[in-house]
Amino acid sequence: MGFLQLIITIVFLGTTIITNITFTKAQHIHGQRQGRRLADAGDTTGFISIDCGMNTSYTDETTRLNYTPDEAYIESGMNMDILPEYKSETTMQQLINVRSFPEGNKNCYSLRPGQGKRRNYLIRAYFMYGNYDSLNEPPTFDLLLGVDVWDTVKLDNSSHIVIKEIIHTPSTDNLYVCLANTDSGTPFISGLELRLLTDSIYKRSFGSLHLLYRYYTSSTFVNSVVRYKDDAFDRMWNPAVPISGSSIETMSEVGSSNDFSLPSSVMKAALVPKSLGQSIQIYQQATDKSTTFYFFLHVAEILSLRAGQLREFNISINGVKQSKIFNPLYLQTTTIFNQEPITDSYLNITIHKTMNSTLPPILNAMELYKVKNISELSTDEADILAINNIKSFYKRMKDWQGDPCFPKGYSWSGVDCNYDSSNSTRIISLNLSSKGLTGHIAASFADLTAVQILDLSNNNLSGQIPELLTDLPFLKTLNLSVNNFTGSVPKLLLEKSAAGSLSLSMQNNSDLCSSNSCTSKKKISKTLLAHIAAFSAVLVLIVAGFIIFCIHKKKTTRMYGRPSPYHHRSGNGRRKGEFTRFSYSELTSMTKSFQRELGKGGFGVVYYGCLKDGMEVAVKMLSGTVEASEQFTTEVELLMDIRHKNLVSLVGYCEQGPTLALVYEYMAGGNLKTNLLASNSLSWKSRLQIAIDAAQGLEYLHNGCRPPVVHRDVKTANILLNKNLEAKIADFGLSKIFPDESRTHVLTRVMGTPGYLDPQYHQTERLNEKSDVYSFGVVLLELITGKAATVKMGERTGYLVQWAIPIVETGDINLILDERLQQSVENSNSVWRVIDTAMACVKPTANERPTMSLIVAGLKECLGMVIQTEQAASLPDDLAEMCLVTSTTQMAPEPR
Ligand SMILES: *[C@@H]1O[C@H](CO)[C@@H](O)[C@H](O)[C@H]1NC(C)=O
Ligand SMILES: *[C@@H]1O[C@H](CO)[C@@H](O)[C@H](O)[C@H]1NC(C)=O
Ligand SMILES: *[C@@H]1O[C@H](CO)[C@@H](O)[C@H](O)[C@H]1NC(C)=O
Ligand SMILES: *[C@@H]1O[C@H](CO)[C@@H](O)[C@H](O)[C@H]1NC(C)=O
């Protein structure tokens, strides 16, 4: 079962004067380049390697690339193994299991490359049937890229390996690769890879480049595919042995002098015709009537020419001789390609020597592509949003993936669109009959404003029929029959039905009053509908949050190597007796008579101190108010049990007469608020690290403590930095311990700081840990924007959240990102991720917000991206930053 046997086609057609090459049956990708197996992976920023159908991640033996399982990228399908008889020692690991899609007409992988849209990516998909379903019926199906059909995948037999590859520049951050059922067997996929390419190569005037073939000249039959890490972009170069021509080879390395970065192992051998008069001819018949071709010929002189020898050639394309003369450089790659697209029913490239040349032409490697037109079409955005809300609301339509309407012919099941409109493509019909839907009618139906037919029959839908449906201006057919709707039917619907402009079916809803007489009884209130709308938004968010964060969790822990602090859960902290109880005179001596004031607040003053053993501390003297002593008690009790590297630790306390004081570890870097406002500000990477530290501290309070603790006053002033810029959460004075884990919230007096306060908590006085998540979202916004939690908004002072929401919607990163970072941030995608996280945190209702665990995972992922970009650019400037922050004088727990 040769890996490349399928690719063998005749590339250079041979006739009398033409050099003809036929290709070797190359060996498997596996088993090549033994000596290199242990090479390190190198820079794989911008690589996504997915082994579809696999449950665990692993390092591929040949490329040393890390392959991840696919569950993070797709919601549907099932994992299957190919049959043992199709496995051998040399079978690529990625082919051994597949993900198969017996359900749905289109199933989509959603890739979100870290470098974002409008970059040049190579995308490659692998397929080998291996009779995984024991049906012995190799299927044929379509492969889609975004909203277009990329190609048809036709498997001829069980051992047939098909590889599809395309160079594509996506216009959206999310890139869908879908498998579409064409009624010729169940679609499946074995592997999927994405590789970031340099933007300056494989340029084309439009569309994407679908690979026809990529060969290098090989002098022996035993060579095999060259790919990563020889090829930094992981292009797969297949060996080709000339038959009627001959190959010459050099022992020297061939430099990659251009951006195409050809591996030396690919350029070392070259094809030359046997006699001087012969030319090299490359011929490719188009599959369609007219195809647009792009070719890339890579040449390098590999013989050291003697005086008087000259190798010079020019090229004819489809009979037109090009004026340029090529003169390959010694051991340097030159890439010859067409700058203008060549559109014809065939491509005929002839490489012939010039009059003066004393040597025949030469060719080391070549690539041929055809242009795949990629449309930027997509369904109307409001419709996409609405239908996704409906999807998340009912959670039944797992096969709704990718774009709802595109490609044409592959719309979601039950969805019909109007494609003829010159404007945007709208959803005009939605048939959810017999989908097992439960609950009420999602408010988002009313946002599908072009819909004409809505069929919800044969489900278990209940509740009232919302007035909102009357807002659909083009609704002609509404089928609500066989459900459990109650209440009355909106009057307007009945009127439209009576007037004949709406075909309304409602039979078999036992408790539905469908006569005009009872319509006035009970109308569904606008508020309820608003809640419904909010609820469906919540679900979307939860689903999205899950996909974005959960998924990356495994990857993150690997990528980001700081030791995880929370393996020890609560209960193993020091006992109360282990805190030092200080006397008033000890306080006086440690603070040198309260000499250096670090800060002042509502509850008292904080002083700098130094213990006898040299340990630096911050001493918070509490004023004698009731609140102060309350705070004292809460804090001492809490800190007794809670220890975490991202929570400021209590060293001791003083309770003597009227004196109440808390002694903390000293945080030399001061609080985050001051650091952010300082003129020499923190780098993006430091900010991310601080965000992770603080998030971990909160995560520990929420999940590591029994019972869980809500901080209640998360803000930048309560995030302190030590001299190494590690952040810790301070000030537990307001923290509330959940009295009982089974309860999800506690009613409590509203406290906290304006600008950070969870609006829902504010209104309802119901506290849960999502209130901290809200405040943490504000902290993230401060880290991103460099602004304070309250900002000037024209005349008045507003909250940062209100300021940020419309600006984030503009999508202009320069309006959001701290001006001081704009030059230095190299990975703007990491900024977007943090913005998205912040926006999720400050959602109005608690359910919509992610948990701290998800946030920690997401932030670590972002830091990983930044570190990778940085390593790629190798510009370590961290040392400078640390000096800068340690030298600022601000410090420890800011009192209120
Ligand atoms: C399977 O199909 C491929 C491609 O059509 C063909 O080259 C190969 O010989 C076939 N193998 C077997 C075992 O039939
Ligand atoms: C390709 O072009 C060359 C020279 O322009 C010509 O001699 C040859 O016949 C052409 N080949 C085919 C198959 O059309
Ligand atoms: C061939 O070489 C001669 C002498 O060096 C030069 O004058 C002439 O222009 C060359 N012809 C071409 C086609 O390059
Ligand atoms: C909706 O689909 C069902 C089958 O699933 C079909 O019977 C019904 O006629 C469709 N409704 C409309 C309005 O086309």
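For the numbers below, each heavy atom of this structure counts, side chains included, while hydrogens, waters and symmetry mates do not. The structure presented is a predicted model; accordingly, all values stated were derived computationally and were not measured. Note that ligands are numbered from 1 as they come in the structure, with each ligand's atoms numbered from 1 the same way.
Nearest to atom 8 (C) of ligand 3 among the protein's heavy atoms is Asn356 ND2, 3.6 Å. Scanning the protein heavy atoms around atom 1 (C) of ligand 4, the nearest turns out to be Asn431 ND2, 1.4 Å.
Within the 4.0 angstrom cut-off, atom 5 (O) of ligand 3 has no protein heavy-atom neighbours. Taking a distance limit of 4.0 Å, we find that atom 14 (O) of ligand 4 is approached by some protein heavy atom.
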**Study point:** Stepwise side chain to side chain donor-acceptor pair (under 3.5 Å) check, Asn79 with Arg99
**Key:** CA-CA 5 Å; Asn79 292 356; Arg99 188 175 282 257; 3.3 Å; yes
Exercise for review: Decide yes or no on ring-ring contact (aromatic ring centres under 6.0 Å, His included) for Tyr369 and Phe295, but give the supporting numbers first.
Suggested key: CA-CA 6 Å; Tyr369 297 88; Phe295 64 80; over 10 Å; no
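In summary, Arg235 and Glu165 do not engage in a salt bridge, as defined by a charged side-chain N under 4.0 Å from a carboxylate O. In summary, Glu312 and Lys353 do not engage in a salt bridge, as defined by a charged side-chain N under 4.0 Å from a carboxylate O.
Shown in contact with Asn348 at under 4.0 Å from a heavy atom are these atoms of ligand 2, numbered in order with element: 1 (C), 2 (O), 3 (C), 8 (C), 10 (C), 11 (N), 12 (C), 14 (O). Atoms of ligand 4 found under 4.0 Å from any heavy atom of Ile453 (numbered from 1 in listed order, with element): 13 (C). Per-residue contacts place Asp455 under 4.0 angstrom from the following atoms of ligand 4 (heavy atoms of the residue considered): 1 (C), 8 (C), 10 (C), 11 (N), 12 (C), 13 (C). Every atom of ligand 2 with a heavy atom of Gly319 under 4.0 Å away is listed here by number and element: 5 (O).
When each of Asn479, Leu480, Leu478 is tested with Ser457 by the rule side-chain contact (heavy atoms from CB on, under 4.5 Å), just one qualifies, namely Asn479.
The shortest N or O to N or O distance between Ser433 and ligand 4 is not below 3.5 Å. Annotation: Gln281 places an N or O atom under 3.5 Å from an N or O atom of ligand 2; distance criterion only.
Ring-centre distance between Phe141 and Phe188: below the 6.0 Å cut-off.
Note on ring orientation: taking the six-membered ring where Trp is involved, the planes of Trp237 and His298 are perpendicular (angle over 60°, cut-offs 30° and 60°).
The residue Thr477 has no part lying near ligand 4, judged by heavy-atom distances below 4.0 Å.
Annotation: cation-pi pair Lys391/Tyr394 absent, no NZ/CZ under 6.0 Å from the ring centroid and within 45° of its normal.
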